[in-house]
Amino acid sequence: MLLETWLVQLKHWMVNLFPAGWQPGVGSLVSVTVILGVFATLFAVATLLERKGLGRIQNRPGPNRVGPWGLFQPVADGIKMLTKEDIVPLTADQVVHFLAPIVLLAPVTLAFAVIPFGRKLVPIDLDAGLLFFFAVGSAAEVAAFMAGWSSHNKYSLLGAMRAIAQMISFELPLVISTMAVIMMSGSLSLVEIVRAQDGGVFGLIPRWHVLTPWGLAGFLIFFTAALAESNRSPFDLPEGESEIIGGFMTEYSGFKYALFFMGEYFGMFAVSGLATTLFLGGWHAPLPFLDRTLVPSFVWFFGKLLLLLFVFIWLRGTLPRLRVDQLMNFSWKFLLPLALINLLVVALWRFTASWPLAGRWALCLVALAAPFVALGAALMRHRHWKPRHYRYAR
Amino acid sequence: MPAHKIIERLKDQFGVAIQRADLPGNGRLFVFVDSAALKSICRFVFRDLDARYVTSIGSDDRPYSDSFLVAHHFAFDRTGLLCSLLTHLTGNPPKVDSISKEVPAANWAEREFRDLLGIEPVGHPYPKRLVLPDGWPEGKHPLRKDVAWNFVPEGYDEDREFAFDEPPEGCMVIPFGPFHPTLDEPAHFRLYVEGEMVRGCEYRGFMAHRGIEKLGESVLTYNEIPMAAERICGICGCVHNVAYAQAVEQAAAIKPPPRAEFIRTIMLELERLHSHLLWVGLACHIVGFDTLFMQSFRIREPLMWMAEKISGNRKTYALCLIGGVRWDFTAELKAELQQVLLKVEQEWRAVVEAVAGDRNLQKRTLGIGVTSPELVKNVGLIGPVARAAGVDIDCRRDHPYAAYDRVEFKVITGTGGDVWSRLLVRAQEVFESIRIIRQCLEKMPEGPLQLQLPDELPIGRMGMSSVEAPRGEAHHFVITGENNRPRRWRVRAPTYQNLQGIPAMIKDQQLADMTISLGSIDPCFSCTDRMEIVDIRSGKTTVYTQEELREMARRKVL
């Protein structure tokens, strides 16, 4: 049990050193420090993993000069970023230009507050944790707009426009796909949602949401939308350098640029953590009986998180970038209808609880597969666009 | 249609307007025509005889014949004939009827001789400055013989800006270039967009001028020019090197020894290999598919090493001299090249198989940047761009040079005419190139590399040579001259024609597809821009001598 709780006990010991009136504040401070420390380290590791992984996919060594196997590459990158000149364009809005990366990073970091990292490791157990997560997550759009607007650069503004359009479009399927989970678990609290996935059949097959038809569909929709939300390839249009240079990050350099980069990664961690919590059983072990072993629960959580990160990297190495109109079509004409249909399916699943398992599965799969095929075929069809005429543009 | 038949038909049609016809043999035809009938003759050749337009050339012939010379080049690809229609212009200022309305492909070439030689194309639909820099004063024509190669005009106005056209009504202007991450070289497109749709564009290029043609006509000698010609392009330099040598050899009726021809063929194909692999990589980078970019560059790298082993350089092989080549293939090099080819073929086959069915890549390339066979004919598009539209032209087969008549290969054509079919055509051509090199290695005879040249090459002869560069046909035209250097040397790079097709390709499609449409012709701006008289800044900045530069470098080191 010590393995599981040493972090919590350490925190209690530290907090108890302070007078009683200070204890809540100090407790929060300790949590914040730990979260920031852990995820900043994970950020460093992830950049290295990403470059190494991409290198592997692309048949090249990746970074291998700094330290053994290039292990100190993140350190070198950090030093480089910190010592680089911070350039602010003359015509830029200085204040907003300075604030944008902070506005991006701070809310994303806040989102970590509600994610249960382990059995005892919940920074804050909010009743409306999921709502809080999306509320702070949406602030990224403001940051993108601030960066694009304040840079006073056409490409920045174009990139910001793209980023905002993309984030707003994909936020809908993202949120609606999580509604399926809320309907089943009956709670907005992430701790409750993890509890709903407790236990398993014969102690072998876990009761994770992803192992149900609606959960699988919801997970895939959620993950795809999350890719777009975090501006990752193949949805990295806002910074598609072959089209619009660097998007809203064009005019950023030095550590401010690194902050944007960090924001992107933190966003990735946050949505991966949420996906783990909502669909992959949170901190539960992949086999339910393993939950009772010595392995601490947060190991499982971070294992799943890293697995999802790997999928992020893998996709980046596999897919070409989409075009703006294709991206929008994909969100509005494919993901969103599917997410809505998934809500029907989750209702079906709930009200057929008395049916035999095979019948439930078959019904739900058909209800999902039919629109999937129909929508997919409609989306892949090659359209010949007619020249459009804008009545009011003249 | 054989050459004598063409002359017959021209004489039937135009009678005395056909002044003289030279048939120097091996697929070349020079017809001197009356300047008044030039326009209708060109229309007849282009439309009725269905020839392919190659390029137009102006030349200052005043020191020799007291007149200017204009030549329109056409190619009869089915009969392997390159035909030049020449006319002498005596007026002052010289004027010639523009053929751009009949032959739209001649648009740029006519504007070019208007800029550089002051030959006025009368009735040109768009007589705007093309080549000369914005600040260059009117009435100064750098390629005329009475202008020195290092001439800096009086009244050069550094601050003058290019006068762009008014955009069409209801359209917004988006500048693309001169400096843009997907453009490796400077070129400026002004895109007219309505919403997200591109409605048209204006091009302002020719920013990488180096005055190579003028240098060739006034400073360098015959065997120094290959060095300069190779530096016209950073990717397909060897093409210009060979094309120039062949044009001079053709003018002087020299036939290089067979071993030299085989070595030229091998190096040209080696260049095509690495250029196509490079292009696939860059195109994938443009659509945001970096994995394939990395893969094709990895596959390409052994070819570059091989080129370095063979020639001493990854690029700029310094291959040709007039009448032969400069270095030999040893047996070890042959064996090693075979090994490299085997490796490249295997790896590339794996990549092509993976890509050929990739729907994600198709989504970005299918139906994008479409060219129809009519557009290919009218604008004179060439190379993979033409072949992808189903137009079966390839100089290697149609106008065989070097050792291409002694090897077997297939000309790859596509059907769609879009970016996707260009990708497929280039991917398949890699295999054909490998096949050609293998055959060459097998069939290469022993023998001398160089021909003993006469002390002086004959004067006033003309030669033209078309070489199939990776991007299309590169065309060189040479008039031999005194002082061991050509009187006129004209280079038409493939991108020169292909770029003119871009406005039609990007019209009425998404703005985001602009980059890949442009990328799909494999643009090479320094090839296209090759001619300008002097560096426009040399009038203002100090020119350092080599000594001074070395001194500066030393100081920097200390």
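Computation of the quantities below employed the complete heavy-atom set of this structure, encompassing side-chain atoms and omitting hydrogens, waters and symmetry-equivalent molecules. In what follows, chains are A, B, ... by sequence order, proteins preceding strands, each numbered from 1.
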### Query
When only pairs under 4.5 Å are counted, which of B:Asp513, B:Asp358, B:Ile516 shares the most heavy-atom pairs with chain A?
B:Asp513
### Task
Not counting sequence neighbours, which residues clear ring pair (Phe, Tyr, Trp, His ring centres under 6.0 Å) with B:Phe293? List them please.
B:His285, B:Phe297
### Task
State the CG-CG distance between B:Leu361 and A:Leu319, to the nearest 0.5 angstrom.
10.5 Å
### Query
Tell me, do A:Gln58 and B:Asp290 make a side-chain contact under 4.5 Å, heavy atoms counted?
yes
### Message
Are there over 12 heavy-atom neighbours, none belonging to B:Lys315, within less than 6.0 Å of that residue's NZ?
### Response
yes
### Heavy atoms of other groups near A:Phe372 CZ, more than 12 under 6.0 Å
no
Indicate every side-chain donor-acceptor pair of residues 339-346 of chain B with a distance under 3.5 Å to a residue at least two apart or in another chain.
unit_1: B:Lys343; atom_1: NZ; unit_2: B:Glu347; atom_2: OE2; d: 3.4
unit_1: B:Glu345; atom_1: OE1; unit_2: B:Arg438; atom_2: NH1; d: 3.2
unit_1: B:Glu345; atom_1: OE1; unit_2: B:Arg438; atom_2: NH2; d: 2.9

### Exercise: identify the closest heavy-atom pair between B:Phe289 and A:Pro320
CB-CB, 3.6 Å
### Query
Out of curiosity, A:Arg60 CZ to B:Glu301 CD, how far, rounded to the nearest 0.5 Å?
13.5 Å
### Query
Got a second to check how far B:Thr291's OG1 is from A:Asn59's CG, nearest 0.5 Å?
10.5 Å
